[in-house]
Amino acid sequence: MYQFKKIEKKWQEIWEKEHSFEAITGSEKPKYYYLVEFPYPSGAGLHVGHVRSYTALDAMARKKRMMGYNVLFPMGWDAFGAPAEQYAIKNHIHPKEAVKENIKTFKHQIQELGISFDWSREFSTTDPEYYKWTQWQFLQFFKHGMAYKAKKNVNWCPTCKSVLSNEDASGGVCERCGSKVVQKEKSQWVLRMSDYAEQLLDGLNDTDFEERIKTAQINWIGKSTGAEVDFKIAEVDQKLTVFTTRPDTLYGVTFMVVAPEHPILEEYKDRISNLDEVREYQEKAKEKTEFERTQLVKDKTGVRIQGLTAINPLTNQNVPIFISDYVMMGYGTGAIMAVPAHDQRDYDFAKKFDLDIIPVIEGGDTSKEAYTGDGKMINSPILDGMTNKQDSILKMIDYLEKEGLGRKKVNYRLQDWIFTRQRFWGEPIPLVYCEKCGWVAVPEEDLPVLLPDVTEYEPTDNGESPLAKIDSFVNTTCPHCGGKAKRETDTMPNWAGSSWYFLRYMDPHNEKEMASMDALKYWGQVDYYNGGMEHATRHLLYARFWNQFLYNIGLVPNKEPFRVRVAHGMILGEGGEKMSKSKGNVINPDDMVNMYGADALRCYEMFMGDYEKEAAWNEQGLNGIYRFINRVYRAGEMINQEEGYTKELEQLLHKTIKKVTEDIDHMKFNTAVSSLMILLNKMEEIGSITKQDFRTYLLLFNPICPHVTEELNEMYGLGEALWKSAWPSYEEDKLVEREKTIAVQVNGKVRATITISVDDEEDVIKEKALQEENVKRYIEGKEIVKTIVIKGRIVNIVVR
RNA sequence: GCCUGAGUGGCGGAAUUGGUAGACGCACAGGACUUAAAAUCCUGCGAACUUCAAAAUUCGUGCCGGUUCAAGUCCGGCCUUAGGCACCA
């Protein structure tokens, strides 16, 4: 059994002392930027899931360095946010103290794993030197009209007592605590992310993200193409505009529906004869949570608005207007034209309220259900007889535009980013409110706006940030007129700091700028970015938006910040369930490092399965890897005095170099490890190896198992330290097997195997095949129709 | 409902992209070493069916069909499952 504790500590100290993994900005070497999502340093400490992704990227980074690249592989801390705050509230210490402690623990745990992070670039989002620039960038949004204060219905979590963004309130529940989110009207700072919908969608074409990640983003942005159509209102001089993806069905409109919050109701309340009924419905709708409104209500409800009637712009016929909560104010125009013959929801509503159903597309039986398929247009003068849906839509839009009745319109599900939180532990928003001048930016030289040292961090019930209670923080002077002013007391969401941290790594100690243009240009895009699937629609979208904005105002050189984005699979507990404290199946990486060593833990996590898929923990598997590493350790005893590669091993060595080289690049770590196992099996079978055999073996294994390989290299005096050495190369012509065993099939079934030489011609191979006893048995008395010989692969004899 | 993936032994998973399915590892079984255990080493290990044995045969990659000399891999249609979106007009 090898002394992994001693060995691992020794090499970690050497790497630290020699600054082995520090990236050099401006180096002549080609650059490569690997990034893993920086962790939230929670009190629970490192998770085995962290180990998986850190090791994976570490292996890639170590290999890339050995291949001569100037590799940037940084690490930092995403430390603003509620957990640290809650911990602080409970234990009556300042969150920054709690964060300091947690970072210490995390860093220690990561260092014990021997991950080759460039620690010289470390920072935390909570460092004033860092959040100064987060604030500064917020001010760029503000100054470019990209941040606005709006009173709007926001997602409010009654448990966390804070506003949530749409991304944080997905499915109508609070991302953090799982409480039902309620709608609350509040004044909030909002970033105009929806302006970037098209750019965010389009930019995906310039990236190399995994398909599932692209899909998640595309779905979240939710582009749909259609038209806006203006319906006149008969009683007043006002139009009701709707968004539809099916303008081709305009002749089938028999009623309209507006959302309960639609402004038209307030505007013309005097004309609505059944206002009480309408009001009552509006109140009921408000009480329902978003969740109930979208998930539970299958039965349609609604109220006809008496006193307002719309006019179909094509037929000039009157159509009634309803309010119903199946129409959302937040999407489109908050009003729809209803075509019950060809839309299921409209159909359900029409049936319930006994409204006309006019089919405009042939097919189906519209007395039974809405027909949503394609067919010939009917009852539609300008479209009658057309059969192609796309053509009908285009023709209708064309007509509407010509007649001034509507226009082509693209709609997005993506909404603006609600950017304020009523929390203590976040970046203060660097704005002050002056009665005379309105909202004014804090001058750049006064940044950062520091979080005050106080003793109370509790969120308040009235939805105000705890900072609002601190007079010394709130009261200030207006930078513009010098009069009395009050600071904004809301803070930023913790997605703010993570929206640009990858830029700061390029120039982390810059006191004058967020990062210098030289450094930004040198490092360019993040070449390879790894993170969890849970961030595919939040962090990843925010960071892309943020970077695209910075690009548009000339602060960064690349429009897309990340080239490749991959997501690791989750590590599940031994039973295949998600690890959780309550299930008691949490594996602590420290325990594993103590029992088996960091090298074994790393190697096991690389071997346990497909990197992108989830994998269940299995300690026996880890023990198996531990045995394997011990065998590698003992392999040194087989070293002989011969020079070069052992003849018998040469081909397999070249093959393994190729395999490991390619597999690490493609994140197929499991097969990389297995090919090293195969090579070791062969070495043991031969029982004797050269120094060069072993040196190559150690070089190949080093990215995954850095400590023990480095130790063995030194112990047997095989050469320069591995981390300073070049990655081994293979020769194509050494890969060719001179002798090979191939299968012989008769009518597609394997009947024998033959050993052939690379030089054998087709007829020689054929002859060999025909001589096999078992082959003879199957072709005897039959006619050979065809013989297929694929050189070096297979022989197939077709008989009849 | 729409959009992505994925289904292979007892288990985790391989398969040069159409060419011997099950590499490698775990588990299990038998053996060696040991007073014994651990550790280590050797052998076997998809199913069925023959056989004293060796060897062979048949079936087998979610299901049904197709293309091909040849299909885990390609095509068509389903089923299951994971993730994303969803009264989104």
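Predicted model only: the values in this text are computed from it and were never measured. So that the names make sense, note that chain A is the first sequence line, chain B the second, and so on, each numbered from 1.
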Practice task
Using a 4.0 Å heavy-atom cut-off across all strands, classify A:Thr741 as base, sugar-phosphate, or nothing.
Solution key: base
Handout entry: ring-ring contact (aromatic ring centres under 6.0 Å, His included) partners of A:Phe243, counting only residues at least two apart
Key = none
Handout entry: Which residues share a salt bridge (charged side-chain N to carboxylate O under 4.0 Å, His left out) with A:Asp374, sequence neighbours left out
Key = none
Problem - Residue A:Ser224, side-chain heavy atoms: nucleotide from B:rA89, B:rC88, B:rG25 that is nearest - result: B:rA89
Problem - Pair A:Phe628 and A:Phe701, ring centroids less than 6.0 Å apart - result: yes
Practice task
Evaluate the side-chain proximity of A:Asp208 to A:Arg565: yes if any heavy-atom separation is below 4.5 Å, no if none is.
Solution key: no
Completion exercise
Those residues at least two apart in sequence (or on a different chain) that pass salt bridge (charged side-chain N to carboxylate O under 4.0 Å, His left out) with A:Asp610 are A:Lys613
Donor-acceptor contacts under 3.5 Å from residues 762-769 of chain A side chains, at least two apart:
from: A:Lys768; atom 1: NZ; to: A:Thr755; atom 2: O; distance (Å): 3.2
from: A:Lys768; atom 1: NZ; to: A:Asp760; atom 2: OD2; distance (Å): 3.0

Handout entry: Pair A:Arg407 + A:Asp230: basic N to acidic O under 4.0 Å
Key = yes
Problem - Touch class at under 4.0 angstrom, heavy-atom based, for A:Arg800 against every strand present - result: nothing
Problem - Proximal nucleotide (of B:rG83, B:rC69, B:rG84) relative to the A:Ala216 side chain - result: B:rG84
Practice task
Check every strand shown and say whether A:Gly222 touches a base, only sugar-phosphate, or nothing at a heavy-atom separation below 4.0 Å.
Solution key: nothing
Exercise for the section: Rounded to whole angstrom, note down the C1' distance from B:rA23 over to B:rU35. Expected result: 41 Å
Exercise for the section: Taking syn as within 90° of 0 and anti otherwise, name the glycosidic form of B:rU80. Expected result: anti
Problem - Whole-Å distance separating the CZ atom of A:Phe209 from the P atom of B:rG84 - result: 18 Å
Completion exercise
Counting primed atoms, P, OP1 and OP2 as sugar-phosphate and everything else as base, the B/S/- map of nucleotides 53-59 of chain B against protein heavy atoms under 4.0 Å is ---SSSS
Fill in the blank from the handout: With the side chain defined as heavy atoms from C-beta on, A:Thr753 is closest, among B:rC41, B:rC24, B:rU20, to B:rU20
Fill in the blank from the handout: Checking B:rC88, B:rC24, B:rG19 against the side chain of A:Asn796 (C-beta onward), the nearest is B:rG19
Handout entry: Candidate nucleotides B:rA89, B:rC41, B:rC87, ranked by approach to the side chain of A:Asp325 - the nearest
Key = B:rC87
Which atom pairs, one a donor and one an acceptor, fall under 3.5 Å between side chains of residues 783-800 of chain A and the rest of the protein, sequence neighbours left out?
from: A:Asn796; atom 1: OD1; to: A:Gly748; atom 2: N; distance (Å): 3.1

Fill in the blank from the handout: For RNA chain B, the expected dot-bracket line (Watson-Crick or G-U under 3.5 Å, [ ] crossing, | inter-strand) is (((((((..(((......[....))).(((((.......))))).(((........)))..(((((..]....))))))))))))....
Problem - Nearest listed nucleotide, side chain of A:Arg631, among B:rA89, B:rG19, B:rG25 - result: B:rG25
Exercise for the section: Select base, sugar-phosphate, or nothing to describe what A:Arg345 touches, counting heavy atoms under 4.0 Å on all strands. Expected result: base
Practice task
Under 4.0 Å between any heavy atoms, over every strand shown, what does A:Lys409 touch: base, sugar-phosphate, or nothing? Just pick one.
Solution key: nothing
Exercise for the section: Can you tell me, in whole Å, how much space there is between the P of B:rA89 and that of B:rC85? Expected result: 15 Å
Exercise for the section: Return yes if the base of B:rC85 and the side-chain atoms of A:Asn219 contain a donor-acceptor N/O pair under 3.5 Å, otherwise no. Expected result: no
Exercise for the section: Classify the nucleic acid contact of A:Glu211 as base, sugar-phosphate or nothing, counting any heavy atom under 4.0 Å across all strands shown. Expected result: sugar-phosphate
Problem - Chi class for B:rG31: syn within 90° of 0, otherwise anti - result: anti
Practice task
Answer with base, sugar-phosphate or nothing: what part of the nucleic acid does A:Asp343 contact at a heavy-atom distance below 4.0 Å?
Solution key: nothing
Problem - Of the listed nucleotides B:rA89, B:rC69, B:rU4, the one nearest the side chain of A:Lys786 - result: B:rC69
Problem - Neighbours of RNA chain B within residues 245-258 of chain A, by heavy-atom distance under 4.0 Å - result: A:Thr245
Exercise for the section: Could you work out the separation of B:rU80 and B:rC64 based on their C1' atoms and round it to a whole Å? Expected result: 15 Å
Enumerate all atom pairs, one protein N or O and one N or O from nucleotides 27-30 of chain B, separated by less than 3.5 Å.
from: B:rA27; atom 1: OP2; to: A:Arg627; atom 2: NH2; distance (Å): 3.4

Practice task
When you get a sec, tell me which of B:rG19, B:rA89, B:rU4 is the closest nucleotide to the side chain of A:Thr215?
Solution key: B:rU4
Exercise for the section: Sequence neighbours left out, what passes salt bridge (charged side-chain N to carboxylate O under 4.0 Å, His left out) with A:Lys682? Give chain and number order. Expected result: A:Glu685
Please enumerate all protein N or O atoms sitting under 3.5 Å from an N or O of nucleotides 6-13 of chain B, with distances to 0.1 Å.
from: B:rG12; atom 1: O2'; to: A:Met608; atom 2: O; distance (Å): 2.3
from: B:rG13; atom 1: O3'; to: A:Asn670; atom 2: ND2; distance (Å): 3.2

Exercise for the section: For A:Ile678, report the nucleic acid contact type (base, sugar-phosphate, nothing); a contact means any heavy atom under 4.0 Å. Expected result: sugar-phosphate
Problem - Under the salt bridge (charged side-chain N to carboxylate O under 4.0 Å, His left out) test, residues paired with A:Arg52 that sit two or more places apart - result: none
